[in-house]
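Labels below follow one simple rule: chain letters A, B, ... track the order of the sequence lines, proteins then strands, and each chain is numbered from 1.
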There are 2 protein chains.
Amino acid sequence: MKKEKELYRDFLRSKNLKLTKPRLIIMEAVFENHEHFNVDDLYEQIKKKHKNVSRATIYRTVPLLVESGLIKQSLRCESKDIYEHTYGHENHLHFICEKCGKIIESGFNDVAELIDTLAEKENFKISEYNLGARGLCSDCQ
Amino acid sequence: MKKEKELYRDFLRSKNLKLTKPRLIIMEAVFENHEHFNVDDLYEQIKKKHKNVSRATIYRTVPLLVESGLIKQSLRCESKDIYEHTYGHENHLHFICEKCGKIIESGFNDVAELIDTLAEKENFKISEYNLGARGLCSDCQ
DNA sequence: ACTTTAATGAGAATGAATCTCAACTGCACA
DNA sequence: TGTGCAGTTGAGATTCATTCTCATTAAAGT
Ligand SMILES: [Mn+2]
Ligand SMILES: [Mn+2]
Ligand SMILES: [Zn+2]
Ligand SMILES: [Zn+2]
């Protein structure tokens, strides 16, 4: 069994939640590709293979995936919440082009280290970084 | 005339927009305090003194204040967009407590410098940083 | 299989943000 | 100081992402 599925199953079990068919379908769909995604993307993707997984269930399941640590809420684009994998992905920061909407991912480690230092000063315990900048990509300048 | 009002007036003029009463009232309300705010906060604040500035106009004016560089869109809290001053405020990053909702502001310069280096590598021109982390504040751990 | 309890689909409801439009106002110019 | 006109406004309607409701169904332990 794939590692992410195992983690998911254990997470659900630890919360006394059931590993249902829709929950599995949704989780597998999430790991079928590696792009940023929103709930609607996911719904459309799932609908191709599984006619009867409802939007409501996806909206209910995504927060479970977040809580399990497999994905995180990342950006907001076009008034929609955007998610991305955390499991199997390095932490990174996002440069978002204000013209074409492109999202560029870039390094992270040095930045995180610096921010950790600042957090320590405030005695703040970080659970999730959220780092990025808006501007113009090389194509759009 | 206060500097921010002057900048605002010049900005409006440069875009062939009129400096109307509601626009002035809204701008002044924004600079009456120095907290993060959302449109509804602003509406309630303004309503106390000026009965007839509509929510619609506030929603229309806030993007002008953003475009003029006086404020920026900052976080999202409780499904609402949150704004904060940029004019007269140092850039900073946000530590957001997931338990009590407190927002802690912290330094910035070293982080920005590092991110500038990364942006240069991608040939990305930054116009606005968006830096923060979620976690637990010292009181909530 | 039976029982218990949680989860689901479908559609209704919510609420922040946007849009519409008739009435109004800033402002350039006379 | 008045006139004209394009840009603005308030009020309410609308949109649309997200959440909720509830009758029905399914997981999982026994
Ligand atoms: Mn990413
Ligand atoms: Mn701030
Ligand atoms: Zn671009
Ligand atoms: Zn706290």
Specify the separation, in whole Å, of atom [atom1] of [X] and atom [atom2] of [N].
X: A:E78; N: D:dC16; atom1: CD; atom2: C1'; answer: 13 Å
X: A:L12; N: D:dA26; atom1: CG; atom2: C1'; answer: 15 Å
X: B:H50; N: D:dT9; atom1: NE2; atom2: P; answer: 14 Å
X: A:R13; N: D:dA27; atom1: CZ; atom2: C1'; answer: 12 Å
X: B:K51; N: D:dT9; atom1: NZ; atom2: C1'; answer: 19 Å
X: A:K15; N: D:dA28; atom1: NZ; atom2: P; answer: 17 Å

**Prompt:** Rest of the hydrophobic cluster containing B:L93 (Ile/Leu/Val/Met/Phe/Trp/Tyr, side-chain heavy atoms under 4.5 Å)?
**Reply:** A:L93, A:F95, A:I104, A:F108, A:V111, A:L114, A:I115, A:L118, A:F124, A:I126, A:Y129, A:L131, B:F95, B:I104, B:F108, B:V111, B:L114, B:I115, B:L118, B:F124, B:I126, B:Y129, B:L131
Are [X] and [Y] within salt-bridge range, i.e. N to O under 4.0 Å?
X: B:K102; Y: A:E122; value: no
X: B:K49; Y: B:E32; value: yes
X: A:K47; Y: A:E44; value: yes

**Request:** Determine the contact category for B:V53: base if any of its heavy atoms lies under 4.0 Å from a base atom, sugar-phosphate if only primed atoms, P, OP1 or OP2 are that close, otherwise nothing.
**Result:** sugar-phosphate
**Message:** Heavy atoms only, 4.0 Å cut-off, all strands: where does B:D81 land among base, sugar-phosphate and nothing?
**Reply:** sugar-phosphate
**Prompt:** Any side-chain heavy-atom pair from B:K21 and B:H50 closer than 4.5 angstrom?
**Reply:** no
**Message:** Is a donor from one side chain sitting under 3.5 angstrom from an acceptor on the other, for B:E84 and B:H92?
**Reply:** yes
**Prompt:** Side-chain donor-acceptor pair under 3.5 Å between B:H89 and B:E105, yes or no?
**Reply:** no
**Asked** Is A:E90 atom CD crowded by more than 12 heavy atoms from other residues, nucleotides or ligands, each under 6.0 Å away?
**Response** no
Nucleotide N/O of nucleotides 5-7 of chain D paired with protein N/O under 3.5 Å:
from, atom 1, to, atom 2, distance (Å)
D:dA6, N3, B:K18, NZ, 3.0
D:dG7, O4', B:K18, NZ, 3.4

**Request:** With DNA chain C as reference, determine whether B:P22 or A:N52 sits nearer its 5' end, using the nearest nucleotide of each.
**Result:** A:N52
**Message:** Give me each pair satisfying ring pair (Phe, Tyr, Trp, His ring centres under 6.0 Å) with a member in residues 7-32 of chain A, each pair once, sequence neighbours excluded.
**Reply:** A:F31-A:H85
**Prompt:** With distance as the sole test, does B:E128 use its side chain to make a donor-acceptor pair with the main-chain N or O of A:R134 at under 3.5 Å?
**Reply:** no
**Request:** Verify, without hydrogens or angle tests, whether A:E4 (side chain) and A:Y87 (backbone) share a donor-acceptor contact under 3.5 angstrom.
**Result:** no
**Prompt:** So, is B:T20 close to the D:dT9 phosphate, meaning a side-chain N or O under 4.0 Å from OP1 or OP2?
**Reply:** yes
**Request:** Identify the 5'-most and 3'-most nucleotides of DNA chain C with at least one atom closer than 4.0 Å to a non-hydrogen atom of chain B.
**Result:** C:dA16 to C:dC27
**Asked** How far does the helix from C:dA1-D:dT30 to C:dA30-D:dT1 bend, going by the axes of its first and last five pairs, to the nearest 10°?
**Response** 40°
**Asked** Does any residue of residues 59-74 of chain A have a heavy atom under 4.0 Å from DNA chain C, and if so, which ones, in number order?
**Response** A:R60
